[in-house]
Structures are given as C-alpha cells and as structure tokens.
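Protein chains get the first letters and strands the later ones, always in sequence-line order, with residue 1 at the start of each.
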There are 2 protein chains.
Amino acid sequence: MSTARGARARARTEVTAAIKDEARRQLAKEGAAKLSLRAVARELGMVSSALYRYFPSRDDLLTALIIDAYDSLGQTAEAAHEKVADAGPIRRWAVVCEAVRGWALAHPHEYALIYGSPVPGYAAPDSTVPAASRVALLLIEIVRDAHRGVGVALPRLPAELKPEARRLGQDLAPDLPPEVVMAFAAAWAQLFGLIGFEVFGQFNRVVEDREAFFRHAVAQLGHGVGLVFPQDTGTGGGGSRSGS
Amino acid sequence: MSTARGARARARTEVTAAIKDEARRQLAKEGAAKLSLRAVARELGMVSSALYRYFPSRDDLLTALIIDAYDSLGQTAEAAHEKVADAGPIRRWAVVCEAVRGWALAHPHEYALIYGSPVPGYAAPDSTVPAASRVALLLIEIVRDAHRGVGVALPRLPAELKPEARRLGQDLAPDLPPEVVMAFAAAWAQLFGLIGFEVFGQFNRVVEDREAFFRHAVAQLGHGVGLVFPQDTGTGGGGSRSGS
DNA sequence: TCCAAAGCAAGAGCAGTGCTCTCGAATGTG
DNA sequence: CACATTCGAGAGCACTGCTCTTGCTTTGGA
C-alpha cells in the first residue's frame, strides 16, 4: 500500500530530500547568498526547471532549510540536555548554552541563516515558529525547574515593565515571577549575542580563549535569571573591589 | 589649486560620492543582497562598466558602505554621549546603548550589513577596524570613568580566564581590573544580541514594549560591568523572592 | 484492460546579474 | 601643440531565478 501507491510519492519524497541535502551542502560550503538552484539541479543531474516541481521558488527551498536548521539546533540542544537532566539548574543551563554554541560554530552558515540578518524581503513564515522555539522552551524549562525549588533575589522590575512581563509570562511560564520572565527574555537574546559575535568574527583579535570566556559569560547569564549553586543564596561568589 | 588641479579629481570624488549615495539608498530600501551595480549605474544615468572605474568590484563598494555605516553608528553614539557627558556612568551607559539601538532600528539594513551575517566569502578588511571600534571604545570609556571613582563588587574571575583578561585589558584599559574587562566584553556582545534580536524580528510576538524592555535590560547590563547608582554599593536595587 | 488525467523532466527563452575588454573621446601635462 | 592618461560607452561572457511549452511516464478510474 504505502509502497504501491507510493511508487511515485516515495520517489517524490526521495527527490525532495536529495534536493535539500545538496542545497544544505552548498549552504554549508558557500553560504545562503550563493545557494543556486541551477547549481543544485546540476549536481543532481537534472535540469533547473525540474526543480520547481518540488520547491516553487528559491525562497521556499530556503524556508525548508531554515526549519531544518532550527530543528537540528533544537535537537542538538535537547540531546545535550538529556545527558545532564538530573544535574542542577546551573549545570543544565550551561550545558544547553554550550551545545547551542557548539552547533553554531559547527554550522556557521546555517546559524547565519536563522540568527543572522534575514534574507531581504523575506519574512519567515509561521511554519518556522515551532522549530524556532525549541531552544528557548528548553532554556525556560530549566529556569522554571530552578525556581520551583529555591527562589532567588532578582532586581525589582520597573513599573512600566510589569504588564509586559505579566503578558509574556502567561504564554510562557505562568508560574514564574515577572522579574524572572523578563530576565530570561533578555538572557535569551544576550546568549545569541555572545554566540553571534563569535561566529561572525566580531571577537577576532579581541577574545582569544573563547571557550573559557563563553563558560564564564554563560554562568553570569544564568545568575541573571536566578540560577544559583545549591549552597548559594545571593548573587553568586565572592567579589573583588576595584577603584581607588 | 584644489579647484584647478581638481577639475578632474573633484569630478571623481563627486561621482564616487554619488555612487555611494545611490548605493546606500538601494541598500536601505532593499538590503545588501539586492544591491545591484547595474541598478546603481542605471539610476545615475551611466553604464555599468563605467562604475568599475570607481569601485573595482561590488565587494569594494560594500566595504565602503560598511565603513560608512560603522562611522555613522559611531558618530550617532558619540553625539548622544556628548549631551550627557556630565551625567553619571549609568545614565551615560544607557544613553549610548539607546542611541545604538535607535540607529539600528532606523537603519536595519545597514545594521545587518555590519552586525548581521557577513557576506559569504567576504572577510572584512583591516580598514574597517577603526570605524568598527568606535562604539566599543566609547562604552569602555564610560566603564573606566565609573571605576576610576568608586569600585564595585563583581564576581570573581575563574582562574582559567585570568590570562585572557590580563591580555585583553592591556590593549583596552590597563587601569581596569580583569573582572571588569571580561564583564565588559560579554556585555558588549550581549548588547548587540538584544538589538539584533529586535532588528531581525526575533522578538516578534514575544516582546511588545521594546523600549521599556531594552531600558531595563541595558540597566542590568550596566550593573554587570559595575556601573551603579551613586547611592548604591551592592548589586543594585531591592529584590523579590520567588519559589515555594 | 484501456484511456484520460495527472505528474514529471527537458529544453528554450526572458530578464536580470557581476565583470572584462575594446574603442573612441575628453582631459590634463610636458 | 603633442603626448599620455583617464574616462564613458558598448559589446560580450558566464551566470542567476523563473516561466512556458513539449513530450513522456505513471497513476487511478471506467
């Protein structure tokens, strides 16, 4: 049945997959801007017009690759998290962040595709939303678990942000106090600021020991959303004083 | 002199400027990927090949636009800072950050050009470095001023990061303690994470009140590098406790 | 089983791109 | 004035995304 009626359908999904694979290969090698339908078709031994039976336009192919990239990143992050699911929140947080960084460094062009400048005139369709949310959902799950246990002091929210935090918290994590929700949203964006600067070369000749730097920055980020070592109660570690 | 010998030279700089202006216009409207040499030439009433007398390739034109964008952003930030040069560090920090955000939102395509994914196969030449550093230098100047006065407690640096911080601090701000140097590097990247997420649409349907959110996040960022309100001594503001 | 319908690959073609080369004409310098 | 340099224009190459038409093959219903 699935083979009989699928003789054609199966061929279709196979060709579709082959196209995406070859496109992904070109994407990884040359980047999104140099992804050429004709080159993909050429490599697959077919003519360019035949490709339009599978993807109505170049942008549609890109959209498919975007979703795949989000899913690949999400899966990588989730897999890394699985292995330390029993550890404390700071460790889980750090492991997930480092997995995201690792994926980004291993797939810079795909990272650029999803977190870099959007292709001009291109608006990500809603179909990308679920895949795109995976990392964020994973991270906020960790934060929720952490706050289910011990609470932690966070800076008070300005009055102007209260409604925003309440609204955002309802969709995302109703059990989290507004301070944490806002802090998380910021940390979420800031995490990709750290990663983006590294992937896009902004740290060249600036930061050398990227691993150590990232580890430290991510730990601080974790503190910012209220993740603390079990024995901690305040804002983390001893301090040093500077100034005259 | 400048008019006599410049009859040709002046025409050249004028045409060069006209090309950049038109290119910038197309960049602002359609984005870098759709910037077409032929379209620029067409709009200027000349033939495309003539344009190669002024810019040897499309990438060279883009490089010129990149430097201009960095300079435009740097100047905007510096101008905003001038007006509050006498204020306290937190205010100066916030004003500069908000100026950067404002510029990014007003010039999204130019922002994408300099802080988004780099054009594939394109490596920013060293000539862009000075212009690119302006914002960072401005921000660290604020941090230095702040730490020249009162010091503030920052989390201790892990041992593995000490050498990195020392090295980076030598080039950047020898008078700053290593903790602050590292915290600043992170805050610098994180700032552009916040702005990038907003400009590139990652906050769509997530964060609504962008101004308030950014103000709050940036204040936290400032605290992270040791900027405090004069009356403050610790890690800022009262806290609220969450959890069961 | 046969036949119309649908799916598909191939080719030609259009409008556009970056870039190169050549050829006159304008312009600055001795 | 004469020479050399600079510049604009045009033709042309190789490439792109995309459309349309022409046949062939597979599919599903009578």
Side-chain angles (χ1 to χ4, degrees), chain A residues 1-20 22-23 25-27 29-66 113 118-123, chain B residues 1-20 22-23 25-27 29-66 113 118-123:
Chain A
M1 34 196 67
S2 79
T3 66
R5 93 167 314 160
R8 206 153 192 86
R10 209 188 52 188
R12 183 175 179 82
T13 67
E14 253 176 42
V15 173
T16 305
I19 292 173
K20 282 209 294 185
E22 178 57 32
R25 213 168 299 138
Q26 293 197 12
L27 173 65
K29 201 193 298 176
E30 300 271 20
K34 293 198 175 172
L35 199 173
S36 151
L37 283 187
R38 291 183 113 109
V40 170
R42 204 180 304 131
E43 209 68 23
L44 261 53
M46 51 170 124
V47 87
S48 72
S49 61
L51 224 145
Y52 286 82
R53 299 260 169 207
Y54 301 89
F55 295 93
S57 81
R58 185 180 176 277
D59 278 1
D60 290 87
L61 215 194
L62 268 182
T63 300
L65 293 182
I66 286 176
L113 196 60
V119 184
Y122 168 83
Chain B
M1 34 196 70
S2 79
T3 67
R5 91 170 310 161
R8 208 156 190 88
R10 211 189 51 189
R12 184 175 178 83
T13 68
E14 253 176 42
V15 174
T16 306
I19 292 173
K20 282 210 294 186
E22 178 57 32
R25 213 169 300 139
Q26 293 198 13
L27 172 66
K29 202 192 299 174
E30 300 271 21
K34 291 199 176 171
L35 198 171
S36 151
L37 283 186
R38 291 183 111 108
V40 170
R42 203 180 305 130
E43 208 68 23
L44 261 54
M46 49 170 127
V47 87
S48 72
S49 60
L51 224 146
Y52 285 82
R53 301 264 175 206
Y54 300 88
F55 295 93
S57 82
R58 184 180 177 277
D59 277 0
D60 289 87
L61 215 194
L62 268 182
T63 300
L65 294 182
I66 286 176
L113 196 61
V119 183
Y122 168 84

message = Ignoring hydrogens, what is the shortest heavy-atom contact between A:Arg58 and A:Ala33? Give both atom names and the distance.
response = NH2-O, 3.5 Å

remark   = Smallest heavy-atom separation, B:Leu65 atom then B:Ala23 atom, equals CD1-CB, 4.0 Å

Donor-acceptor contacts under 3.5 Å from residues 35-55 of chain A side chains, at least two apart:
from    : atom 1 : to      : atom 2 : distance (Å)
A:Ser36 : OG     : A:Arg38 : N      : 3.3
A:Ser36 : OG     : A:Ala39 : N      : 2.9

note = Closest non-hydrogen contact found for A:Ala32 with A:Leu62 is CB-CD2, 4.4 Å

Are any protein N/O atoms closer than 3.5 Å to N/O atoms in nucleotides 23-25 of chain D? If there are, list each pair with its distance.
none

inquiry  = For the residue pair B:Asp60 / B:Ser57, report whether a side-chain donor-acceptor contact shorter than 3.5 Å exists.
reply    = yes

note = Counting primed atoms, P, OP1 and OP2 as sugar-phosphate and everything else as base, the B/S/- map of nucleotides 14-22 of chain D against protein heavy atoms under 4.0 Å is --BBBBB--

ask   = Just checking A:Phe55: base, sugar-phosphate only, or nothing, at a heavy-atom cut-off of under 4.0 Å?
value = nothing

request  = Would you work out how much the helix from C:dT1-D:dA30 to C:dG30-D:dC1 bends between its ends, with each end axis defined by five base pairs, to 10 degrees?
outcome  = 0°

request  = Would you mind reading off the distance between A:Leu44 atom CG and C:dA9 atom C1', rounded to a whole angstrom?
outcome  = 13 Å

inquiry  = Rounded to whole Å, how long is the line connecting atom CG of B:Leu51 with atom P of D:dG8?
reply    = 9 Å

ask   = Between atom OH in B:Tyr54 and atom C1' in D:dC7, what is the gap in whole Å?
value = 7 Å

Between C:dA26 (C1') and B:Arg12 (CZ): distance, integer Å = 15 Å

Distance, nearest 0.5 Å, that separates CD of A:Glu14 from CZ of A:Arg10 = 5.5 Å

